[in-house]
Amino acid sequence: MHVEEKLTAETFPASPEKATLEGKNKFLGFWLFLGGETVLFASLFATYLALRDKTAGGPSAEELFRMPLVFVATMLLLTSSLTSVYAIYHMKNFDFKKMQLWFGVTVLLGAGFLGLEIFEFNEYVREGHVFTKSAFASSFYTLVGTHGAHVAFGLLWIVTLMIRNAKRGLNLYNAPKFYVASLYWHFIDVVWVFIFTVVYLMGMVG
Amino acid sequence: MKKWLLNWRLFSLFSVMALLLAGCGKPFLSTLQPAGEVADMQYSLMLLSTAIMVLVIIVVTIIFVYVVVRFRQRKGEEKKIPKQVEGSHKLEIIWTVIPILLLIILAVPTVSATFKLADVKPMNKEKRNKDIVVVNVRANLYWWEFEYPDYGIITSQDLVVPTNERVYFNLKASDVKHSFWIPAVGGKMDTNVDNKNQFWLEFDQKATDKAGGIFYGKCAELCGPSHALMDFKVKPLPREEFDQWVEKMKNAKPVVTDSVAKEGEAIFNKSCIGCHAVSPVDKRPEQARTAPNLANFGDRTRIAGILEHNEENLKKWLKDPNSVKPGNKMAGTYGNLTDAQINALTKYLMSLKVE
Amino acid sequence: MSTVARKKSLIWDYLTTVDHKKIAILYLIAGGFFFLVGGLEALFIRIQLAKPNNDFLVGGLYNQVLTMHGTTMIFLAAMPLVFAMMNAVVPIQIGARDVAFPFLNALGFWLFFFGGVFLNLSWFLGGAPDAGWTSYASLSLESPGHGIDFYVLGLQISGFGTLIGGINFLVTIINMRAPGMTYMRMPMFTWATFVTSALILFAFPPLTVGLIFMMMDRLFGGNFYNPAGGGNTIIWEHLFWIFGHPEVYILVLPAFGIFSEIFATFSKKRLFGYSSMVFATVLIGFLGFMVWAHHMFTVGMGPIANAIFAVATMAIAVPTGIKIFNWLFTMWGGNIRFTTPMLYAVAFIPSFVMGGVTGVMNAAAAADYQYHDSYFVVAHFHYVIVGGVVFALLAGAHYWWPKMFGKMLNETLGKITFWLFFTGFHLTFFIQHFLGLMGMPRRVFTYLPGQGFETGNLISTVGAFFMAAATIVLLVNVVITTAKGQKAEADAWGDGRTLEWAVASPPPEYNFAQTPLVRGLDAFWIEKMEGKKGLTPAEPLGDIHMPNSSILPFVISLGLFIAAFGFMYRTEHSWGLAVGIIGLLITLGSMFLRSVIDDHGFHIHKEEVLEAEKGVKA
Amino acid sequence: MANQTNTGNPNVDLAYRRKKNAEEMKHQVISFVLMIALTLVAFFAVGYDQFSHWFSVPFILLLAVVQVAFQLYYFMHMSHKGHELPSLFLYGGVLVAFLTVWAFMTVVWW
């Protein structure tokens, strides 16, 4: 059977992401990649933790952070994680339209998050918290910015997938792609949980 | 096979000869001729680990030679298929447990020595004992500064310390990372740019005499073009002589009598004094002390840390510093000097003595 | 599409290939080239140090050569050559037709290649990096010019390639094994590849982060390592060694794997204590992450940290010891044939034991204060890396050359190479232990007379020329073999035990006409012992699915290469930023193309397979 | 390798599968609610001045770990079969991550 063969709800397998060898490889390879990403972010976190008091005369975390803004951003990203679960739920039920719809909602929420982050950075810069100011600033922007870049890349990726597959519907060639994109999106959320805890909340506690 | 053994034999013969030729290195430099408590401790650790390791090598070599000679393919046996052995738990346990035991034998003294060498409590006491000598070492691109905070004096390039007692060091770097190493006296410690490291050394009087009164110190961390030339010298003195030296340093002032040297002093005061101080009591903050203190230049053992101490070498150094130490920070800071001016400067600098 | 119709020019074929066997050859050529470059740099170093106060390479230039020697040998020679072996052998050893991600496999190579080229272009564009291969932060931030920028960006690009390669091999080994090839039946080299890839997966991200920080500091005004802005230079040292220590095992575990294959093959015995070998490999990989700070004993971490890392480091000696004895007992009772690969393997044991024991000596923290950054350490890691890794690569190249190219390397020339190299190696590095103990620091461009360093350095330099001669003989051998070498059989050495010796030399594009059924450790040996010629197939003969070749991996990597130039010259040339962005767009654009263009591969039909198989048999 | 494609069992009970999916979705919604709750608790714990930071820092870190476990095991299906190797490598990464962070918080002190 060909991967592009038109499937019906009856012939669609229970785990479409792992139904083909390509899918299995993609699935596993992506998880391994996430293992590596864990270490990447750990290095960024570790450096941030080592440098977070080194403000070199610039504003400190406590003076800077806007908790309401961070709270809203957190809610947006957490919710987008749920919506992408919905998307995968519909994928498993072979409901392409609903899957696209929920991925669309995910993208909107993610874009909202990204917008808030850009706004937030902009505010900080206006208060003199620029990248070159101090080791604290450099490590803050690199950690949170790397996460932001992941969000942006995730958005581009999901949108590309949605547009590319809009006409042809779900098959075993693209199901694994949607699946790993949603894994990626959850991982972004996992990282954010640590960012809001370690950077923002611990920044407020001191 | 013969060729193989012959090769081994030749090779070991060659290395043994080479070692004999070289001996164990020079007493003023070699870690193999330890000249103080720290180096002694490290040397015994070396001997212990070497002994254990040679034991391992001997065991491996015996099995190795036996196996390679005994089980090589012989004529007419090309088709022989040996027994396919899976393994042996007994053997595998043996060669797991024995190394663990050997390592424990090595680990215990290692840990204990590591803690002993890090014991710098006496220098950090709230009120530290007056007798304890503390030296602040500051490493700079290709020169060393030694400050004695308790005596308020500063010297460069030649470290002077009392023998037969623990001397404590604060170590830091002012530009890039260096590492402070006096091989014969003890292991190294890095001078970092962003913190202060502390350790201690002890200089043995007998070993000092054997080494000719001077030990060589080295920079052991790549720090730029002249890393290889960033040497310093250590003059350990008996305690009374050391105390006398300190007193002389405290009161030292340049005394210039010679007319040529006077001329040199004028040039010095015009072109050099901005960076170089000529009094050991230099109250400026360390950021302002951008070049070696020259108060006892005439007493030094080396020009620029490496050249033999004579007027000719000093002239060479002043004329073209980069030819002596590439990438040094002095080159190009004082314009071109005529030979006469260099002559005068040389006379002046050589007259700077405290002893 | 048929195979015939796809025949294009050789160069285009290699630029677009996604076949792991061709990628192996690309890795071998590129890695071999960089090995020659790094070797030349080593010769220059030894010439300069042949006598005191020499003026062949002075000061800054010497530091550039020294830095590039280390960086090139580790990142651009040893790693890709290891990847060459893995690519050539591992998929066949597990009975697979290809790797899990053929496209990514090609991308990994081209990223490494462009990173390496970028790094080496620094020679022609204002000077190479000069802060040592470790590039410690305070010095590398001070270093003028663009040398360090070349280092940072070049390693970043090739590092991505390595990471991709690592993930690819992990998935390949996990998902693509033939029926019956359980984990505990995998050949030792496959196991080594597996553990190595896991190490790559976890060790390269810290390097990536460290390099990002350094790039930020040098090019974008960051303050990570700048104490004036609150930064901390030690962070670089930690990140570098969290990567750097596992890196040693990334190199040496495949070496162990190669030797394990060779010992078994030429002793005609199965590997002694296979399961404990697997256990030891995994354990070495695991411990490899716990010991990085032993490179930093003199930094001033304090006695507690030093003691912990000292003891942890010593622990690694145990699994390594297990391996040494297992190899000895693999030979014990065997019928040892001294072919060229076996000579290297045999010579490896005493050489590597020497390097291993000095490693334990270095682990003794208090004593390491004396060894650290002295020639003792130089001797130690060259014993490990040359005596372990380079011996293994030379052995592996001779061993698998017939498999990769279909021709046997000349054994006489091979043995001459071995003896020259072996002699030169010990001559060069043995004496350096003593130079270090006698007080000679590492990375010095010269030394003064009268300190006792003359004899040792001269001997060392003479040794280096022996190794150079060996390399020349090897090159001659390669040329002669390519021109008129003897054609190799499938089981080229006659004693092959693993699956790669069951397929033709060189193997067909699809490796196995029928996926084999694996019935135990040393699958091919088992079949041979039962008197069979070939493998037991696990499936009927049918159409074979193959991946399409693609130029996109090349273009993606080229984009990053261009972008690196742009961002590096951003501040001093007006075109810098634009070129940087264009480069990134090329990369992202080709990634986009890859994403939207469906790539289902093609099939080689049953008839063609039959035709091809007949050709081989005839 | 498309010929190895497995279309799944055509006789599979579609209704059963749907029901199972729906049930799983319910679990996921519950875990989402819990995650939101945990986030709220974390924000309040920090906003509430009475807690010393010796309490609140470990507390919010614990909340973060619990939340991430929800993400991994429910949203990313790590509780399902066939995730042995993903778990192995993810936890491998977590181990190295932990070592790195631990080292930076203890050995990098200046």
Side-chain angles (χ1 to χ4, degrees), chain A residues 2-4 18 21-48 50-58 130-139 141-143 145-146 153 156-157 160-161 163-165 168 171 173-174 177 181, chain C residues 96-97 99-102 104 163-164 166-172 174-176 197-198 200-210 212-213 215-217 220-232 234-236 238-239 242-243 289 545 547 588 591-592 595-601:
Chain A
H2 199 260
V3 280
E4 269 202 295
K18 287 188 283 186
L21 181 60
E22 283 84 357
K24 267 187 218 143
N25 287 345
K26 197 162 277 178
F27 170 82
L28 181 63
F30 200 79
W31 268 104
L32 300 184
F33 169 72
L34 292 184
E37 286 263 272
T38 307
V39 182
L40 181 110
F41 273 105
S43 308
L44 292 169
F45 271 109
T47 307
Y48 175 79
L51 296 176
R52 65 181 183 145
D53 302 326
K54 310 291 167 61
T55 54
V130 290
F131 181 80
T132 52
K133 177 70 200 170
S134 63
F136 162 60
S138 301
S139 59
Y141 282 114
T142 307
L143 169 59
T146 304
F153 185 81
L156 281 178
W157 183 9
T160 310
L161 275 179
I163 296 173
R164 173 68 185 88
N165 294 300
R168 71 170 155 188
N171 60 24
Y173 182 69
N174 58 28
K177 294 187 177 204
Chain C
R97 294 233 167 86
V99 292
F101 306 110
L104 289 185
L163 187 59
I164 288 172
I167 292 179
N168 188 12
F169 276 112
L170 282 173
V171 179
T172 304
I174 294 171
N175 276 357
M176 310 283 283
S197 304
I200 289 175
L201 177 63
F202 297 135
F204 269 74
L207 176 70
T208 305
V209 170
I212 288 175
F213 290 167
M215 176 184 80
M216 291 293 181
D217 277 10
F220 300 97
N223 282 305
F224 291 100
Y225 307 132
N226 171 18
N232 189 324
I234 308 303
I235 287 176
W236 165 265
H238 277 293
L239 287 175
I242 289 175
F243 148 77
F289 277 101
H545 179 246
L588 286 173
M591 283 166 71
F592 178 77
S595 167
V596 298
I597 301 172
D598 285 356
D599 181 3
H600 295 305

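A note on names: the letters A, B, ... follow the listed sequences, proteins ahead of strands, and every chain is numbered from 1.
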What part of [X] lies closer than 4.5 angstrom to a heavy atom of chain A: side chain, backbone, both or neither?
X: Tyr225(C); value: neither
X: Ile167(C); value: both
X: Leu201(C); value: both
X: Thr208(C); value: side chain

Distance check, rounded to the nearest 0.5 Å: [X] atom [atom1] versus [Y] atom [atom2]?
X: Ile242(C); Y: Ser43(A); atom1: CD1; atom2: OG; value: 6.5 Å
X: Lys54(A); Y: Asn232(C); atom1: NZ; atom2: CG; value: 5.5 Å
X: Ser138(A); Y: Phe213(C); atom1: OG; atom2: CZ; value: 9.0 Å
X: Leu40(A); Y: Ile212(C); atom1: CG; atom2: CD1; value: 6.0 Å
X: Asn223(C); Y: Leu51(A); atom1: CG; atom2: CG; value: 9.5 Å
X: Asn25(A); Y: Ile174(C); atom1: CG; atom2: CD1; value: 10.0 Å

Exercise: identify the closest heavy-atom pair between [X] and [Y]:
X: Tyr173(A); Y: His600(C); result: CD1-CE1, 3.3 Å
X: Ala50(A); Y: Ile235(C); result: CB-CD1, 4.1 Å
X: Met216(C); Y: Phe131(A); result: SD-CZ, 3.6 Å

Problem - pair Met176(C)-Leu21(A): side-chain heavy atoms closer than 4.5 Å - result: yes
Exercise for the section: Can you tell which part of Phe153(A) gets under 4.5 Å to a heavy atom of chain C, answering side chain, backbone, both or neither? Expected result: side chain
Problem - Residue part contacting chain C, namely of Lys133(A), when any heavy atom lies under 4.5 Å - result: backbone
Practice task
Name the option with the most non-hydrogen atom pairs under 4.5 Å to chain A; the candidates are Leu170(C), Asn175(C), Asn226(C), Thr172(C).
Solution key: Asn175(C)
Contacts under 3.5 angstrom, residues 31-39 of chain A side chains, donor-acceptor by atom type, not counting sequence neighbours:
unit_1   : atom_1 : unit_2    : atom_2 : d
Glu37(A) : OE1    : His150(A) : NE2    : 2.6
Glu37(A) : OE2    : His150(A) : NE2    : 3.3
Thr38(A) : OG1    : Leu34(A)  : O      : 2.7

Completion exercise
Residues at least two apart in sequence or cross-chain that pass side-chain hydrogen bond (donor to acceptor under 3.5 Å, both in side chains) with Thr47(A), listed by chain then number, are none
Problem - Residue pair Met591(C), Thr160(A): steps toward the side chain to side chain contact (heavy atoms under 4.5 Å, CB included) verdict - result: CA-CA 11 Å; Met591(C) 283 166 71; Thr160(A) 310; over 6 Å; no
Handout entry: Heavy-atom pair count under 4.5 Å with chain C, highest-scoring of Ile163(A), Asn165(A), Thr146(A), Leu44(A)
Key = Leu44(A)
